[in-house]
Structure formats: C-alpha cells, structure tokens
Amino acid sequence: MDRTLEIKNLHVSVVDKESVNTKEILKGVDLTVKTGEVHAIMGPNGTGKSTLAGTIMGHYKYAVTEGEILLDGEDVTSMTVDERSRKGIFLAMQYPNEISGVTNSDFIKTAMQARLPEGEHIKLFKFIKEMESAVKDLKMNEDLPHRYLNEGFSGGERKRNEILQMKLLKPNFAILDEIDSGLDVDALKIVGENVDKMRGDNFGAIVITHYQRLLDYIKPDYVHIMMDGRIVMTGGQELIEKIDANGYDWIKEELGIVTPINTTPRVSLGSCAINTKNKEGNK
Ligand code: ADP
Ligand code: MG
C-alpha cells in the first residue's frame, strides 16, 4: 500500500541556549514524500536540515509553532518518538548517541518488539539470523551487536550502525541525516549500496547530504535545496552536479536572496531614504 508523509507549512523553533529566547529555525516547510520515492535535501550549514529531520521524528528539543506533519492523512505532530517509530518512521541521526549498558542487539530487538501487535513476540532465532546477515552486508565487526550502543564506536561505525538498525526495522519512511559524513570511500559505498537496496514500494526516504558521492549510489527522484529554514528550490539530479560544481551562491542570486557583487542594485538606498524623508516632510 502506498503511504504518504506530508509536511505542511512547518514552522519550528528551538530555545536558544545562551539567551533562553526561542529562535525560529524552520519558516514554512512544505514537502510530500511517498513510499517508492527518494528525496534528497541539500543546503548550506545551519539552514535547518537537521531541525527538519528531528522534528519529523518528534525530537523533544524542537517546538512546532505552526503547520503539521501528516502520515497517510493522520496528524502525527504531537505523537512521541516511539509512536512515530511504530508507525514506520525512522531517523538515522547526524550525531548518534551512546547508550551505555544497552547492547546494540538488545536496542534493536526492543525497537522491533515495540512494533509488533500486542501478544506477539520476536522470533529470536530469526532475529539473530537477520542481524548476522545485516552485519555481514554492512561489513561490520562480528562483535558489534554485543557491544553497548555506540560506546567507543568510531564515527564511521556509528553511521553504519544506524543503517544496520534501518535494515532490521524496515521502516516505511527513513530520514538519513548526513549518513555519509565521516565515512571513508569504501564505507560510503557500502552504506550507499545498502540504502539503495531498501528501495521499493514500501520504502520512501529523505536523504540529507552535502555531497554528490552518496547520491551516486542512491539516485534521488527529487532534489530540494534548503536555505534559511525554507525549501527554496526543487529539481532533479541536475541540481546535485550544479551544487557540487558551483556551491549555493548562484541559487541565492537567482532567487534574489542577496544582491550579487558588481551589479547595480535595483533600488538605490539613497533614493529610498530621500523619498521617505520627502514623504515625512510633506505630511
Ligand atoms: P543544518 O542541519 O542545516 O546544518 P540545523 O538544523 O542543525 O542546521 O540548525 C539550524 C539552526 O538552528 C542553526 O543556526 C543552529 O545553530 C540552530 N540551532 C539548532 N539547535 C539549536 C539549539 N538547541 N539552540 C539554539 N540554536 C539551535
Ligand atoms: Mg545538520
């Protein structure tokens, strides 16, 4: 069955640690993802990509001030992370947390168990087999399932581990936040290919990345450019190459976000100031 994740006019604020003021990060994001589709989100640092990812998953630090997140038409905006996870949403975080005292396999088993209808239990033997095969697919160390979650994991191991969780949990919607950062070329290939293998009628993804290389493995159907808390441009794969070669400044210029250097401004400040003054004077 086709499923739809719909983000409508999403406004999100965070509490600024230093000033205790709230700061609006997302300023009206619209995005619709259906199962079977892969959407890439690119954009400069600090534009709100991780905020969008965390908000879709329901992270506590993000406050939705306007708009909604709908899953098959049902508003999930006030649901907990667990509820959203049970409904099939998964987030691979940019900075995965350590959880001491909980092994990797226990963590995944608990998450899988939570998704089963009441009274049903995970078949342990099947789980172990699946876990072993996913560990092999991702070329991870055999001891990884038995270690505490992310404790002492290298950056690359953490990222691979997020994909391991995704493979076992089989979400309908996965949000992958800079899953390629900190990966060497070989690991990038392994991660990219494993994500690509998930593609199918029951899987939709939002892939946040800065680089073309990951998207060579997971070819997106749509590419969105995010700037200053909004999606300012949507296109196809041609956008990826353009950004790789030219960065983001051309988009700002095209959209009139900044006036390009060495061109005549359309309205000169001087005349504005004079007009205002005259108006005031004529009152
Ligand atoms: P991106 O992932 O696109 O690099 P983020 O979503 O991580 O951007 O951050 C967007 C903006 O929100 C940044 O300016 C960042 O400094 C700010 N921000 C994120 N979290 C907090 C927080 N807890 N307190 C204050 N500002 C925050
Ligand atoms: Mg980020």
Side-chain angles (χ1 to χ4, degrees), residues 5-14 23-34 37-56 62 66-67 91-95 159 174-185 188-189 191-192 195-196 199 204-273:
L5 177 67
E6 207 176 351
I7 293 135
K8 279 186 172 171
N9 188 32
L10 192 66
H11 289 250
V12 173
S13 292
V14 292
K23 181 171 150 197
E24 186 169 64
I25 311 290
L26 299 187
K27 301 169 181 172
V29 174
D30 292 289
L31 179 67
T32 301
V33 180
K34 289 186 190 311
E37 297 175 352
V38 171
H39 292 244
I41 298 184
M42 305 181 87
N45 289 325
T47 50
K49 303 181 297 299
S50 293
T51 302
L52 176 64
T55 307
I56 297 173
Y62 304 114
E66 212 184 317
L91 169 64
M93 288 200 282
Q94 185 171 2
Y95 305 108
K159 293 301 172 98
I175 307 151
L176 310 178
D177 191 2
E178 294 200 25
I179 197 73
D180 47 348
S181 67
L183 292 183
D184 61 42
V185 184
L188 183 83
K189 182 168 189 281
V191 163
V195 175
D196 193 57
R199 288 187 82 144
I206 298 174
V207 181
I208 298 169
T209 181
H210 284 290
Y211 305 107
Q212 176 174 10
R213 281 193 318 194
L214 179 69
L215 301 174
D216 285 341
Y217 296 106
I218 317 160
K219 299 241 183 281
D221 303 293
Y222 302 91
V223 177
H224 309 277
I225 311 297
M226 197 154 165
M227 274 182 183
D228 194 23
R230 291 186 184 90
I231 288 174
V232 295
M233 193 177 272
T234 293
Q237 289 169 28
E238 75 287 347
L239 274 182
I240 306 168
E241 275 167 43
K242 233 172 146 177
I243 286 159
D244 224 41
N246 307 317
Y248 294 103
D249 282 351
W250 63 274
I251 299 176
K252 291 188 198 163
E253 286 171 21
E254 207 161 282
L255 297 169
I257 296 174
V258 290
T259 311
I261 301 161
N262 296 334
T263 53
T264 321
R266 283 185 210 110
V267 183
S268 91
L269 241 182
S271 63
C272 257

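These numbers come from a predicted model, not from an experiment. We use all heavy atoms of the structure for the numbers below, so side chains are in, but hydrogens, waters and symmetry mates are not.
Residues Ile56 and Leu91 are not in side-chain contact: their nearest non-hydrogen atoms beyond the backbone lie 4.5 Å or more apart.
Here the closest non-hydrogen pair linking Leu52 and Leu26 is CA-CD1, 3.7 Å. Taking each heavy atom of Ile218 and Gly192 in turn, the nearest pair found is CG1-O, 3.6 Å. For the residue pair Ile25 and Gly48, the shortest heavy atom distance occurs at CG2-CA, 3.8 Å.
Annotation: Tyr211, atom OH; neighbour count of heavy atoms from other residues, nucleotides and ligands within 6.0 Å does not exceed 12.
Under the side chain to side chain donor-acceptor pair (under 3.5 Å) criterion, Thr47 pairs with no residue at all, not counting sequence neighbours.
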- Query: Could you go step by step and tell me if Ile225 and Ile231 meet the side-chain contact (heavy atoms from CB on, under 4.5 Å) rule?
  - Reply: CA-CA 6 Å; Ile225 311 297; Ile231 288 174; over 6 Å; no

### Message
Leu214 vs Leu176, test: side-chain contact (heavy atoms from CB on, under 4.5 Å). Steps then yes/no.
### Response
CA-CA 11 Å; Leu214 179 69; Leu176 310 178; over 6 Å; no

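In terms of modelled atom types and a separation under 3.5 Å, the side chain of Lys49 and the main chain of Ile41 share no donor-acceptor contact. Listed for the Asn9 side chain is no donor-acceptor partner under 3.5 Å among the backbone atoms of Gly28.
A side chain to side chain donor-acceptor pair (under 3.5 Å) check over residues 235-248, counting only residues at least two apart or in different chains, returns nothing. The list of salt bridge (charged side-chain N to carboxylate O under 4.0 Å, His left out) pairs with a residue in residues 211-236, not counting sequence neighbours, reads Lys27-Asp228, Arg199-Asp221.
Side-chain N/O atoms of Asn45 and His210 include a donor and acceptor closer than 3.5 Å.
Here the CD1-NE2 distance, from Ile208 to His224, works out to 11.0 Å after rounding to the nearest 0.5 Å.
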